[in-house]
There are 2 protein chains.
Amino acid sequence: MFTTDIEQIPGRRTLWEQTAQRLQTLIANGTIAPGTRLTENALAKQLGVSRAPLREAIRHLMNIGLLISEPYKGVRVLELTSEGLHQLYEYRTGIEQMAFRSLWPKRSAESFADLDRRHARLLEAIDSGDSALAIDRELELHQWCYELSGNALLIDAWGRVKPHLRCYFVLHQRAHNRSGPARQSHDRYLEHAKGESLPAALDFIEAHMKQGFDQVIDHVG
Amino acid sequence: MFTTDIEQIPGRRTLWEQTAQRLQTLIANGTIAPGTRLTENALAKQLGVSRAPLREAIRHLMNIGLLISEPYKGVRVLELTSEGLHQLYEYRTGIEQMAFRSLWPKRSAESFADLDRRHARLLEAIDSGDSALAIDRELELHQWCYELSGNALLIDAWGRVKPHLRCYFVLHQRAHNRSGPARQSHDRYLEHAKGESLPAALDFIEAHMKQGFDQVIDHVG
DNA sequence: TGCGATTTGTCCGTATGTATT
DNA sequence: TAATACATACGGACAAATCGC
C-alpha cells in the first residue's frame, strides 16, 4: 500500500491517526467550516491531545489536501469553490476511467458479486434515510473499481479524492435535504461495469460524473 | 555520514521541509538503499535535527509513498519492484493522458514556447553529460503538461509520481551508465504536443511510456 | 513462555523565529 | 518601532509496543 489507510484497523490506531480521522470528520460534516484558520494550541486542547500528534495529523490532512498550510502563518481549511469542484470531478473522472481500463481483464463472477453486495448496501442505506451513511456507501461502491484494479497508486489517489467528495456531498445534501444521486444512475453503473463494452463503460462514467457534478455545482460559492 | 550531500536553497523553508527534501534526495540517489529501516534517533542525529521535524518529514514522505510505516515497528524505504514499476507507469500514463485532455483547449503560442524552453534545457543537460541533471530536466519537461492543465489535483499527483520516477531513473542510469531516454523520442513528444490530433497525442503518450517502462524494467529486482 | 532491550509514540516546558497589531 | 500571538523547533522524559533472547 501507499499511505496507511486510516479507515481500517479500527482498534489499535495511533493517536495521530485517530486525530486525523476526527479532524477529517469535523471538516467533512461542516463543524469546522471551510476557510477556518486552525490554531494548534487551542485545537490540541479541544481534541485532548498534545501538539506533536496533532501536527502530524495536520501534516496528513495537508497531504490529502483538506488543509492548506502557509509556513509560520498557520493552516486553514480548504475552501469549497466551483473551480475546485470542477477540477475534482475532472480528476475523478480520469482516475475512475483509468481504474476501469485496468480492472477490465480482471473481472470475474466473484468481483461482480462483490459489486452487487456494495450496491445492495448502498440501496439499504438510501432506504434507511441515513444520508451520511448513504454517502459512505456510495463511496464504497465506487471504491470497488479501484480495489479490483489492484494498482496501489490508483487506490491511493482514490483515498485522497474521497474526503473531498464527502465534503461536497455533505454540502449538497444540506442544501437539498435529501441523499445522493438517483438509484437508477447506479443501476446503469453496475450494468456497464458488468457489461461487455469497455468504451461504453468509459463513456458512461464520463456522463455519470458530469451528472453528479451538475447536481452539486449549484450549491457551491 | 551522508550529511555532506545536499545543501541547496536552505532559504526560508521550514526545517521539516528541508529535512524531507534532503531525505528524498538521499533516497533517490541510492545513498539510503530501498528497504532500509530508518531509526528516528539515529537519523535525527545524522541529519542534525530533532525528532519533531524529522517525524513530520517522514510523515510527508509516507504520504508521497517513498517511506512505508508500520506503527511501532518503524519506517522503511520503499522497495523497487517490477510490479511497482508497472503500476507506476500505468498510473503515470493515465494522468499524463488526463493532463493532455485537459490542456488541449488551452494550448497557445506562449505555452509552446515554454515547452520548447524546457526541451532545450533538457538537451543542454544531456549534452553536458550530467545525468542527474538530465533526469531533473526530463521531469521538468513533462511537468509542462500538468502545469498547463491547471488542475491542482493533477499537479499534485505528478508531484507524488516524480520522486518515484527519479528513483527508478537513477537505478536504470546506474545500470546503463548513460543518461535517460533517446532525444528522438522527446522530439516526437513535442511534435504531438504541438500537433493537431489529440487522439494521436494520447496514443503516442501510451507508446512513449511503454518505451520508458521497457528501458527500466530489466534493472529491477 | 517470560524478560529485558530497543524503538516508536506521546507529552511537556521552553526557546526562537515569524507575522500581525 | 515595540509588543503580542502564534508557529516552529529543541530536548528531555515517560509510556506503549515490538523484538530478541
Side-chain angles (χ1 to χ4, degrees), chain A residues 1-24 26-27 32-33 35-78, chain B residues 1 3 6-7 9-24 26-27 32-33 35-78:
Chain A
M1 266 284 288
F2 234 10
T3 60
T4 59
D5 195 344
I6 292 179
E7 306 181 28
Q8 292 164 4
I9 325 165
R12 296 222 311 263
R13 298 176 304 175
T14 58
L15 188 55
W16 77 263
E17 285 176 310
Q18 301 176 40
T19 305
Q21 182 61 53
R22 287 172 64 190
L23 271 177
Q24 189 172 310
L26 291 173
I27 292 171
I32 304 180
T36 304
R37 184 146 167 276
L38 302 180
T39 64
E40 287 185 6
N41 272 315
L43 196 57
K45 276 208 169 95
Q46 286 178 339
L47 296 177
V49 301
S50 70
R51 293 191 306 279
L54 175 61
R55 281 178 64 86
E56 296 195 46
I58 288 175
R59 200 70 53 218
H60 180 74
L61 295 187
M62 267 178 57
N63 284 309
I64 286 182
L66 283 184
L67 295 180
I68 315 256
S69 161
E70 294 159 287
Y72 293 102
K73 288 170 83 174
V75 295
R76 63 178 204 280
V77 180
L78 176 74
Chain B
M1 193 113 142
T3 54
I6 336 94
E7 215 59 49
I9 327 171
R12 286 229 312 273
R13 297 178 305 175
T14 58
L15 188 54
W16 76 261
E17 279 177 305
Q18 302 175 41
T19 306
Q21 182 63 50
R22 289 172 64 190
L23 272 177
Q24 188 173 312
L26 291 172
I27 292 171
I32 303 180
T36 304
R37 180 145 174 279
L38 303 178
T39 65
E40 291 183 2
N41 276 316
L43 195 56
K45 273 203 173 117
Q46 287 177 337
L47 295 177
V49 300
S50 68
R51 280 180 64 199
L54 174 62
R55 281 175 65 87
E56 295 195 49
I58 288 176
R59 201 71 54 219
H60 180 73
L61 295 187
M62 268 179 57
N63 284 314
I64 287 181
L66 283 184
L67 295 180
I68 307 204
S69 160
E70 294 161 284
Y72 292 104
K73 285 179 163 181
V75 295
R76 62 180 202 280
V77 180
L78 177 74

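So that the names make sense, note that chain A is the first sequence line, chain B the second, and so on, each numbered from 1. Keep in mind the model is a prediction, meaning the values are calculated, not measured.
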- Message: For a quick test of reading the model: is some side-chain N or O of A/R55 closer than 4.0 Å to OP1 or OP2 of D/dT8?
- Response: yes
Sort me out a list of protein N/O and nucleotides 11-13 of chain C N/O pairs below 3.5 Å, or just none if empty.
from   : atom 1 : to    : atom 2 : distance (Å)
C/dC11 : OP2    : A/S50 : N      : 3.1
C/dC11 : OP2    : A/S50 : OG     : 2.8
C/dC11 : O5'    : A/S50 : OG     : 3.3
C/dG13 : O6     : A/R51 : NH2    : 3.4

- Query: How would you label the contact of A/L38 with the nucleic acid (heavy atoms, under 4.0 Å): base, sugar-phosphate, or nothing?
  - Reply: sugar-phosphate
- Task: Determine the contact category for A/E40: base if any of its heavy atoms lies under 4.0 Å from a base atom, sugar-phosphate if only primed atoms, P, OP1 or OP2 are that close, otherwise nothing.
- Result: base
- Message: Using the side-chain contact (heavy atoms from CB on, under 4.5 Å) definition, which of the options A/N41, A/L38, A/L15, A/L47 pairs with A/L54?
- Response: A/L47
- Query: Atom CZ of A/R13 to atom P of C/dT10: distance rounded to whole Å?
  - Reply: 12 Å
- Message: Check this one for me: any side-chain N or O of A/K73 less than 4.0 Å away from OP1 or OP2 of C/dT20?
- Response: yes
- Could you tell me whether the side chain of B/L78 reaches within less than 4.5 Å of the side chain of B/L67, counting heavy atoms only? no
- Query: Are any of the side-chain heavy atoms of B/E56 and B/T14 separated by less than 4.5 Å?
  - Reply: no
- Query: What is the distance from CG of A/L54 to C1' of D/dT8, rounded to the nearest Å?
  - Reply: 13 Å
- Item | Non-hydrogen atoms of A/S69 and A/M62 that approach each other most closely | CB-SD, 3.3 Å
- Item | Stacked cation flag B/R59 on A/W16, 6.0 angstrom / 45 deg | yes
- Query: What is the distance from OH of A/Y72 to P of C/dT18, rounded to the nearest Å?
  - Reply: 5 Å
- Take atom CH2 of B/W16 and atom C1' of C/dG17, then tell me their distance rounded to the nearest Å. 18 Å
- Test item: A/L23 and A/L43 side chains (from C-beta on) under 4.5 Å apart, heavy atoms: yes
- Query: Taking atom C1' of D/dC10 as reference, at what distance in whole Å does atom CG of B/L47 sit?
  - Reply: 15 Å
- Message: Donor-acceptor check, side chain of A/Q24 to backbone of A/L61, threshold 3.5 angstrom: yes or no?
- Response: no
- Whole-Å gap separating P (D/dT18) and CZ (B/R76): 16 Å
- Query: Just how far, in rounded Å, is C1' of C/dT8 from CD of B/E56?
  - Reply: 16 Å
- Message: Between P on C/dG17 and CD on A/E70, what's the gap in Å once rounded to a whole number?
- Response: 22 Å
